Protein chains: 2
Amino acid sequence: MDKRKRILESALKLFVEFGFHATPTSKIAKEAGIANGTLFYFFPTKDDLVIALYLDIKSQMMANAALEIENKTTLKEVLKDYYSASLNWAIKHKTKFRFIEQFTNSPYLNKIAEEEIQAHIQPIYKLLKQGIKNRVIQKLDIDMIFAMLSGHTFSINQYIITKDFSKNKQAKVIDDTFELLWKMLT
Amino acid sequence: MDKRKRILESALKLFVEFGFHATPTSKIAKEAGIANGTLFYFFPTKDDLVIALYLDIKSQMMANAALEIENKTTLKEVLKDYYSASLNWAIKHKTKFRFIEQFTNSPYLNKIAEEEIQAHIQPIYKLLKQGIKNRVIQKLDIDMIFAMLSGHTFSINQYIITKDFSKNKQAKVIDDTFELLWKMLT
DNA sequence: TGTATTACTGACTAAACAGTCAGCAAATCT
DNA sequence: AGATTTGCTGACTGTTTAGTCAGTAATACA
């Protein structure tokens with residue numbers, strides 16, 4: 001019913017399939033079952049729509065990861081929870097994740113303020129810094145550690161998606177790859 | 001002088017800056033200093049141009065990595081050479097690498113045959129399989145190992161590019177991160 | 001119930017676009 | 001030198017596009 005939401009959903013679907021610029025606003029409107037002009041009532045320009053969609057999905061990702069991180073004891077447990085929460089979300093919301101990938105690898109990214117991008121990685125940075133302080137994680141440049149962590153997560157997600165694992169096998173892969181990551185960082 | 005080359009160079013520059021669809025063929029022609037129609041003399045459609053550019057850069061990457069891999073003794077040395085050759089190439093050819101990233105994270109990728117994509121990863125697969133056989137590398141799914149290897153390489157490249165390291169520091173980062181990767185895989 | 005505000009419409013337009021084509025220029029062949 | 005092929009041109013076109021706007025429907029408010 002909510003037309004704004006319907007526009008975002010249709011845009012997501014079409015953007016991932018055809019790309020941002022190869023998807024006309026008219027097709028988004030049609031797919032959403034609304035009038036052409038309605039799209040511009042909610043989003044003044046097409047760019048506004050693309051960026052709104054990005055911020056919308058990004059905040060969903062953040063909410064998901066933040067939820068899972070509570071009430072754990074050791075750093076390893078916290079980090080593992082964060083890792084598997086991220087992966088499970090990406091697996092569950094393939095299209096949304098594809099969109100984020102596509103967006104962050106496009107010139108659109110420059111239209112987003114740096115702080116906006118940094119916002120959701122703050123908690124992990126804190127975690128990692130704490131780990132270094134406590135001599136659990138190797139004393140390396142924090143940005144380098146973060147790069148390895150996110151690169152690992154990202155590529156394991158790609159791996160899991162291309163294969164068509166059962167839920168159990170998926171969980172096992174997440175477990176195993178986290179142990180490997182942990183081995184590398186400690 | 002070679003107009004085909006000039007078109008490819010201009011297209012590369014503009015695609016990376018503005019994206020594929022946000023870059024009109026007319027601007028590419030202008031930037032290349034050639035007539036509008038000339039572009040279509042060499043590349044029947046814009047898609048043909050995009051794909052030709054991808055294949056061109058990809059073959060440059062392959063040639064570079066293949067060159068460096070010769071005459072090494074241990075698996076670790078070979079893999080390390082491959083790793084640093086890839087990273088050094090990416091650092092030296094930032095724009096080309098950005099293009100590959102953008103392309104592979106866009107719906108354009110579907111227009112490339114699967115074999116074409118697989119072609120250049122064959123030598124590494126062989127290397128990794130050999131490593132598993134010789135009990136040097138952990139006995140894990142080969143696709144998983146490859147995913148971790150490429151994810152690691154990719155993210156370390158991102159890391160090096162965002163920082164503005166000296167040549168020496170760059171080499172040190174490449175060395176250090178390879179050791180970490182090796183630690184994880186063995 | 002009447003009035004004001006907000007949500008939404010779809011026909012429309014000006015600009016931008018990929019691709020065409022008739023023809024010119026330069027090189028290659030005979 | 002003349003003929004033929006190949007490289008290249010840029011004005012042109014039919015189509016597609018983002019975005020507008022005058023107006024209608026629905027809701028809220030008095």
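Values below: every heavy atom of this structure, side chains too, minus hydrogens, waters and symmetry copies. Nothing here was measured: the structure is a model prediction, and the numbers come from that model. By convention in this document, chain letters (A, B, ...) are assigned in the order of the sequence lines, proteins followed by strands, and residues within each chain are numbered from 1.
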Salt bridge [X]-[Y], side-chain N to carboxylate O under 4.0 Å:
{"X": "Glu77(A)", "Y": "Lys80(A)", "value": "no"}
{"X": "Glu179(B)", "Y": "Lys76(B)", "value": "yes"}
{"X": "Asp2(B)", "Y": "Arg6(B)", "value": "no"}

Ring centers of Phe20(B), Phe99(B) separated by less than 6.0 Å: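 That pair passes the under 6.0 Å test.
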
For the pair made of [atom1] in [X] and [atom2] in [N], what is the distance, rounded to whole Å?
{"X": "Lys30(A)", "N": "dG10(C)", "atom1": "NZ", "atom2": "P", "answer": "13 Å"}
{"X": "Phe40(A)", "N": "dT13(C)", "atom1": "CZ", "atom2": "C1'", "answer": "13 Å"}
{"X": "Lys27(B)", "N": "dG19(C)", "atom1": "NZ", "atom2": "P", "answer": "17 Å"}
{"X": "Lys46(B)", "N": "dT16(D)", "atom1": "NZ", "atom2": "P", "answer": "16 Å"}
{"X": "Phe18(B)", "N": "dA16(C)", "atom1": "CZ", "atom2": "C1'", "answer": "16 Å"}

So does Val136(B) get a backbone contact from the side chain of Thr186(B), meaning a donor-acceptor N/O pair under 3.5 Å?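 No, the answer is negative, given that no donor and acceptor are paired below the 3.5 Å cut-off.
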
For nucleotides 6-12 of chain D, give me every protein contact, N/O to N/O, under 3.5 Å, one pair per line with atom names.
residue, atom, partner, partner atom, Å
dG7(D), OP2, Tyr41(B), OH, 2.2
dG7(D), O5', Tyr41(B), OH, 3.1
dC8(D), O3', Lys3(B), NZ, 3.2
dT9(D), OP1, Lys3(B), NZ, 3.1
dT9(D), OP2, Ala35(B), N, 3.2
dT9(D), OP2, Thr38(B), OG1, 2.3
dG10(D), N7, Gly37(B), N, 3.2

Check your understanding: Where each residue is assigned the nucleotide of DNA chain D containing its nearest heavy atom, which of Ala22(A) and Pro44(A) is assigned the position nearer the 5′ end?
Key ->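 Residue closer to the 5' terminus by nearest nucleotide: Ala22(A).
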
